[in-house]
Structure formats: structure tokens, C-alpha cells
A.B. asks: 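Below is one structure. I have some questions about it.
Both ligands and their constituent atoms are indexed starting at 1 by order of listing. The figures here come from the full heavy-atom set of this structure, side chains too, leaving out hydrogens, waters and symmetry mates.
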Amino acid sequence: MYFIVTKVDSRNFVLKGDIAYSKSQTKIQSFENSYLVCEKGKSAGVFPRLPAAFAGFPLIDYTGRLILPGLTDLHIHAPQFSFRSLGMDMELLSWLEKHAFPEEAKYRDAEYARRAYGLFVDHLKRGPNTRFCIFATLHVPATVILMDLLEESGLVSMAGKVNMDRNSPDILREANADASAAATREWLTALAGRNYKNTYPILTPRFIPSCSDDLMRALSGIQKQYALPLQSHLSENQREIAWVRELCPSSNFYGDAYAQFDLFGANTPTVMAHCVWSGNEELRLMRNRGVYIAHCPQSNLNISSGIAPARRFLDMGIPTGLGSDVAGGVHTSIFRAMTDAIGVSKLRQCLAAKDEAPITFEEAFWMGTLGGGSFFGKAGLPGNAGAAGSFDPGYEFDALVIDDADLAAPFRLSVEERLRRTVYLSDDRHIAAKYVRGKALFG
Ligand SMILES: [Zn+2]
């Protein structure tokens, strides 16, 4: 006996439908016409028949629809959402000068920030991603506005005030290391009274070229004081790597320039975007210290960075998720990042590395769900915040209900084939309901 309802208020409920999620990096498991149980905001598992223990939970009947884990975007720039799709025929450093820096400078105006970030968060709310690691700008009030909006949305995010005190235009640079560190403390103090449930600060040095040694030292102190996770960029572009070699002559490789300040994994949960040109030494250090990679295939194409060796990331056992890197990437949907990851890996095999097998669908889906979602369990966030991206018992309950009726074929599609079709062909209009930490955002 169970109660069929259309909406639930509690975080104990059951969804019925066709369910698919990653069992492992190489295997997707699917369940036709089965039950997915949410208990206190966490998955209690998937069952072909509803166990008696959950019979009293309200049941929402999504028969005929697909139920998938929410997706994680491990790397996105909130202030760049406004100009996505512009300047897509440039490469990284000129694109930063022409588009990214002038637009980011506008966020010193809080009213502009409120308008722009409002559009950004509304857009994210409708899409398939439920979790995010987000770069804001160096401006404290605008970053707090962004985080307030994220918290109101019900999405789960880590967001960071950006640090940059050198090699940036006057309109977008902090005066010196002390000023940047003081602004970071001011930002963390402003957050202290806000009691966010789903929104967390993450330290965000933009990248080595824009952060002096003094600033990195100061951030290392702040990291230890507040036990914050950290996000940044790494080995995206060959010109950038040569520049880091000049700026940090004492470092053995780019990642070492972070490691020198104890800001590269181990006691600092870290996610680094790109790693297109990371060498073996850098990758081994990432594996040994559990540094996450946000693989951003679309951005790597758009701003001519190259094709990241994602096969090596996975085979070496480096924790890897996917990032949109808007506005280097145009599309926010991590479904799109999955298809791009597969596509560029085939190009890499053809053009650069014959011995690196392309990324499979199973691997791409895993990276976009559990691969990235696990960072939320590893980041040492307050309140025992846990990992998402799986429906195995104990994972935080982020789920998408997909109405894929208009993606039908003249032959019968299995649940797994419908999943593949959804990843390649769906858009926000196919999302019939979206749950984050056991709470319905809509549907
Ligand atoms: Zn980026």
C-alpha cells in the first residue's frame, strides 16, 4: 500500500519510473519500472519492488519517464555567462583581454551583478546540472550577491571570490597581495552570518600568472585557518605554461607552483580545470594527492587550448569530472560536455595519441555524474555534506526526471538507449522534474 501524490514536502518519498545511473566508471545499470527511494534527503537505493519499510512514503508516479542522477559542473565562470558565444574564434590569452576581463570588471557595480547573476542562476535552475564549482569575480559584494541567489535557487554550489593581484588590466586587479587577502577575509566574514544550507565558499586564485607569490602565501594561510577547498586553472595552454615557467623559476612544473604553497591537494581539497598539457610528473602528483580534474572539452576546442588526455586521467586513477567552463564553453549543460568528451577523445586518438582509446559513453556519463559529484563528498564541507551523482544508498538525492516521449524511435529502445538519446538530444524542456538534496526545485 502506498500513497500516490504529485508533490511532496518532506524529504522522505519514492519516485517510480525507468531509472539509470553509473554502477562504476565503466558500467551503467538500468531498472525498468522501478522505485527510487529518498530518505532524509539521501538515496536509500533502487528497488524493482518497493520494500515494506518504505511503503508509507509518499510515491510520485513517473511511469514511462527516465530518472537519472543530477549532473555536476566542476568548472564554470558566473560573470562570463553574459557573453557566452562571443569571441569563439580567438585563443585563450587574447580572448581574456578582449572579452573576459572587460566584462568581469563590470561586476564592481552591484546592480549590474544582481541583474547578470539573476539571469545566470535562473538559467542553471532550469538545466540538468544540480551541483557546481563556480568562479565569481574579485568583487566582494557581487560575489555575496551571487551566493545569495545560488542559495535561494536550491542548487548546491561552491563559489569563490577570485584573487588576482598581477598581470591583469588595471580595471580588474587587486592592488597587492595584502589587499587581495584582506578582501578574501572580508568576503568570508560577510558569509559567516548567512547560514547557507547549500552554498559554500571555495578559495579561487584565478591562475598562477595572476597571483603573486605573496598572495599565494597569504591564501595558504587563509586556507588553513578556514579549511577551505580550492579551485583554479592548470596547464590549459602552452603559452600559459611557458609564462608560468618564467614567473615561477623555482617550480618544477605548473602544478608545483601551487604545491609550493601547499595549495595542491592532500590537505587542501582541490579541483583544477583543464590539464590539457599536464606531463606525467604533474599527473602523478595529482593522483597521489587526490587533486580533481575538471575536464572541459568544449572550452578546450573553442579557445584553441588542445585536446586533454582524458583517457590517461581515467587510466591513472585521477579523480575526474566535467566542466562547462562557460564562457570558454558555450553550453552550460553537462550532457553536452559528455558528448564533447567522447568526440574530442576520438580526435585525439586520430591526431595525437593512437594508443589512447577514446572515452566511452559509460565513462563520459560517469564523469558528468559521480566523477564530479564525488568532489562534494571530498571537499570537507561543513554539515557532513556528501557526494552526489549515484543512486546507491547514502548518496545525496539529486535526481532528474526526463520526459523523453518526443525522442522515441520506431523500434523499442532500452532504458540505456533512452539514456544515450537523452544525453545527446535532450534540452531543458525535457526535464519534467528536478530534485536537489531531496527537495523538488520544480516538477
Ligand atoms: Zn576557467
A.B. asks: NE2 (H77) to the Zn ion (ligand 1) to NE2 (H233): angle, nearest 10 degrees?
C.D. replies: 100°

A.B. asks: Are there more than 12 heavy atoms of other residues, nucleotides or ligands under 6.0 Å from atom CZ of F335?
C.D. replies: yes

A.B. asks: From the options R421, R420, R65, R418, select the one residue that forms a salt bridge (Lys or Arg N to Asp or Glu O under 4.0 Å) with D404.
C.D. replies: R418

A.B. asks: For F207 together with H274, are the ring centres under 6.0 Å from each other?
C.D. replies: no

A.B. asks: So, 2.8 Å as the limit: is an N/O/S atom of E236 located closer than that to the Zn ion (ligand 1)?
C.D. replies: no

A.B. asks: Could you tell me which N, O or S atom of H75 is nearest to the Zn ion (ligand 1)?
C.D. replies: NE2

A.B. asks: With carbon and hydrogen excluded and only N/O/S kept, which atom of D325 is nearest the Zn ion (ligand 1)?
C.D. replies: OD1

A.B. asks: Is the distance between the ring centroids of F376 and Y200 under 6.0 Å?
C.D. replies: no

